[in-house]
Amino acid sequence: MNAIYRLQAEVLNKEELIPGVFRIKLFSEEISRAAKPGQFVHVACGKGRDFILRRPFSIHRRLSGNAFEILFQVVGRGTEALSEVRLHDFVDVLGPLGNSFEIPPDLSSALLVAGGVGIAPLIFLADELNSRKVRFYAIQGATTQQRLFCYMDLKRLGRQIFATTEDGTAGHCGRATDLIHEVIKKSAPERIYSCGPEGMLKVVADVAAAFGIDCQVSVERRMACGLGACLSCVCQTRDGYRLACKDGPVFRAEELSWKA
Amino acid sequence: MKPDLSVEIAGIQLKNPVMTASGTFGCGREYADLVDLKKLGAIVAKTVTLEPRKGNPPPRICETPSGMLNAIGLQNEGIDRFIEKEMPFLKKVGVPVIVNIAGDAVSDYVELCRRLSSVGDVAAIELNVSCPNVKAGGIAFGMHPGLVSEVVGACRRATGLPLIVKLTPNVGSVVGIARAAVGAGADAVSLINTVIGMSIDHNTFQPRLASGFGGLSGPAIRPIAVRMVWEVARELDVPIIGMGGVGDALDAVEFILAGATAVAVGTANFINPRATIDLIDGLEEFLIARGMDSVRDLVGKVKMDGSSPTC
Ligand SMILES: Cc1cc2nc3c(=O)[nH]c(=O)nc-3n(C[C@H](O)[C@H](O)[C@H](O)COP(=O)(O)OP(=O)(O)OC[C@H]3O[C@@H](n4cnc5c(N)ncnc54)[C@H](O)[C@@H]3O)c2cc1C
Ligand SMILES: Cc1cc2nc3c(=O)[nH]c(=O)nc-3n(C[C@H](O)[C@H](O)[C@H](O)COP(=O)(O)O)c2cc1C
Ligand code: FES
């Protein structure tokens, strides 16, 4: 088993990408060294005894061996408090947690499908695929052009990137899943990796199954311990409940029993 | 000189009064990277039942003001897997292991007690009586003195191991229930299990937990728990394990002053996986700062100024 660390990580950088979406760079040699694409950190937001539970965030990028980033959207109390950290503050993090995207050693081509903030873990994965010389395509969907986070990073790392926006301000007007058939036919990926809203993941899973392509998706569940101890974070799978924090957050798409 | 943190509960010697609360710490293994398990006073494992249980559908938890609701639904792999898979690990840790059990019928509890009696290295059995008794129309064992008496008495006859009865706060008189438990042979009581609660999402109009309601835990319930510990300690001569929002040494001191001999840490493990260890260190510092030799000198030492409470 891989080591799990709990430490106070210094904030080395903080960017507000658009109002309400932040990228924070945290210093930790331990977590950065151990992290694999798809894993997450469990973060104590705010100070003192304000919060009863930590908040899970995907590891967004690994930087120069001693730091990593998270990318998050303010949606409630915890993310709001986290967005208020200042440079050189220390953030209490637990990680790296969970399993990771599986990259077979002989993989030669892949397709990434990102929806909204679901892009976060896929950038770490894109970096890894790129350094392993896996040729990949990506479809990135967002509501509007401004929310196509890290689009330029994808462009730099991948073969060809397709953007979709629901308001038509960039790329195809519509949803990421609108393009999936076409891009699969064009790129013939050996594997699909996806992260985003559950409705999108289900469509990606169905299309992957129809084409007979291996597909891995990263899911979100409310979590307490993050360690596999409390059984809070179950996902329904074909073999019964499994833990998003430990058996996941990445699952093979065909394992999951999706809500109708 | 270092103060003495050791205590005795139900005939078990603990090197300090700090345990894990059932269901919040798995069987310890999950925390082994972060917590030196050998330092714990005892490990209380998550509830085990006779047969495997699937548990409730998600979402199973939600955060609430100063607390959380959970409806895990006693998911576990059943006693056979527990004995085969978890006990060898727990034995190796080398601290007292308390196994928490639950059932739908008295006969389930009895069978579990029998099985655990022959395992060896089980320091005590904790009876989780907060679950519904199927035969009694689904009312929780722990809500009725007669049912508590029956289940504790039957377990008492089935095992020579120390019996700890974990009481639910969702009753009119916790003292009445505790008295029934002690009368039927309980060696100690744990107070409290979670308080039944509910939370509704104003966007979806749906409960935040798939099962509708669940158990409230964390600092929000601490005053309820401290009061119940105090009431039971005042009325009965039985060792008490206090729990409900214990997060640090000062919280533990509150419970001990109210009459608890030991404390268990539950929800606090989630925000601070090292909460138990920090608590042990903090307790030692607390005693040193006050020039006290032993944590036992704090038990039940709350100063009441005589006036009895009225509403
Ligand atoms: C493995 C994993 C990775 C994630 N990665 C990212 C990421 O990279 N970027 C990002 O912006 N968000 C990510 N999320 C979602 C993020 O955890 C939630 O947005 C966050 O917990 C919301 O907290 P809050 O206090 O602001 O919201 P509130 O709604 O006030 O939170 C209330 C409670 O619900 C939980 N909760 C609310 N939404 C979610 C959710 N979607 N998933 C899990 N728990 C939730 C909170 O943790 C908290 O316990 C991830 C979730 C998981 C499980
Ligand atoms: C997620 C979770 C799971 C729990 N599971 C169990 C359980 O399986 N058996 C049990 O007797 N108590 C269970 N409890 C109750 C705790 O052991 C404890 O009595 C209660 O949470 C109060 O303590 P706390 O406020 O420190 O958490 C659980 C509590 C939580 C939060
Ligand atoms: S969050 Fe506790 S088991 Fe997954």
Side-chain angles (χ1 to χ4, degrees), chain A residues 1-8 30 34 42-56 75-79 81 92-97 198 219-237 239-248 256-257 259, chain B residues 20-35 45-47 52-77 208-210 214 216-220 222 245 247-248 251 266-275 277:
Chain A
M1 220 185 69
N2 298 310
I4 295 169
Y5 304 92
R6 187 269 180 119
L7 40 83
Q8 310 299 318
E30 293 89 340
H42 214 17
V43 179
C45 303
K47 291 239 176 321
R49 292 171 155 208
D50 252 20
F51 291 92
I52 296 302
L53 300 176
R54 290 172 178 262
R55 304 294 192 259
V75 296
R77 234 161 54 84
T79 42
D92 181 339
V93 292
L94 181 63
L97 301 175
E198 203 143 315
V219 302
E220 295 184 358
R221 285 292 179 279
R222 287 188 213 152
M223 293 178 177
C225 70
L227 299 167
C230 71
L231 313 183
S232 293
C233 62
V234 290
C235 290
Q236 182 73 57
T237 74
D239 323 318
Y241 286 136
R242 301 191 64 203
L243 301 174
C245 73
K246 202 173 175 197
D247 306 319
L256 294 174
S257 316
K259 272 194 227 105
Chain B
T20 59
S22 179
T24 62
F25 205 72
C27 289
R29 195 197 299 271
E30 295 81 0
Y31 281 84
D33 262 3
L34 303 156
V35 174
K46 70 179 174 219
T47 294
R53 294 228 184 157
K54 191 167 181 289
N56 291 325
R60 290 178 169 185
I61 57 161
C62 78
E63 201 183 58
T64 59
S66 297
M68 64 178 284
L69 286 169
N70 88 80
I72 307 297
L74 298 185
Q75 180 181 337
N76 78 97
E77 296 193 274
R208 289 200 166 86
L209 300 181
L216 183 63
S217 64
R222 193 189 311 133
D248 67 17
D251 302 338
T267 301
N269 292 307
F270 303 150
I271 193 86
N272 175 9
R274 284 178 48 90
I277 304 298

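A note on names: the letters A, B, ... follow the listed sequences, proteins ahead of strands, and every chain is numbered from 1.
Interface check for chain A: of the options G218(B), P57(B), A71(B), P65(B), the most heavy-atom pairs under 4.5 Å are formed by P57(B). Options P273(B), C27(B), C62(B) differ in how many heavy-atom pairs under 4.5 Å they form with chain A, and the most are formed by P273(B).
M68(B) CE to T267(B) OG1: the interatomic distance, rounded to the nearest 0.5 Å, is 5.5 Å. Put simply, CD on Q75(B) and CG on L231(A) are 4.5 Å apart, with the number rounded to the nearest 0.5 Å.
Under the 4.5 Å side-chain criterion, counting only non-hydrogen atoms from C-beta, R6(A) is in contact with D92(A).
Interface remark: I61(B) contributes backbone and side-chain atoms alike to the contact with chain A (heavy atom separation under 4.5 Å). Heavy atoms of N56(B) lying under 4.5 Å from chain A belong exclusively to its backbone. The parts of K54(B) that come within reach of chain A are both its backbone and its side chain, each placing non-hydrogen atoms under 4.5 angstrom from that chain.
Electrostatic pairing of E77(B) and K46(B) does not count as a salt bridge here, judged by no charged N lying under 4.0 Å from a carboxylate O.
Considering all non-hydrogen atoms of both residues, G245(B) and D251(B) come closest at O-OD2, 3.6 Å.
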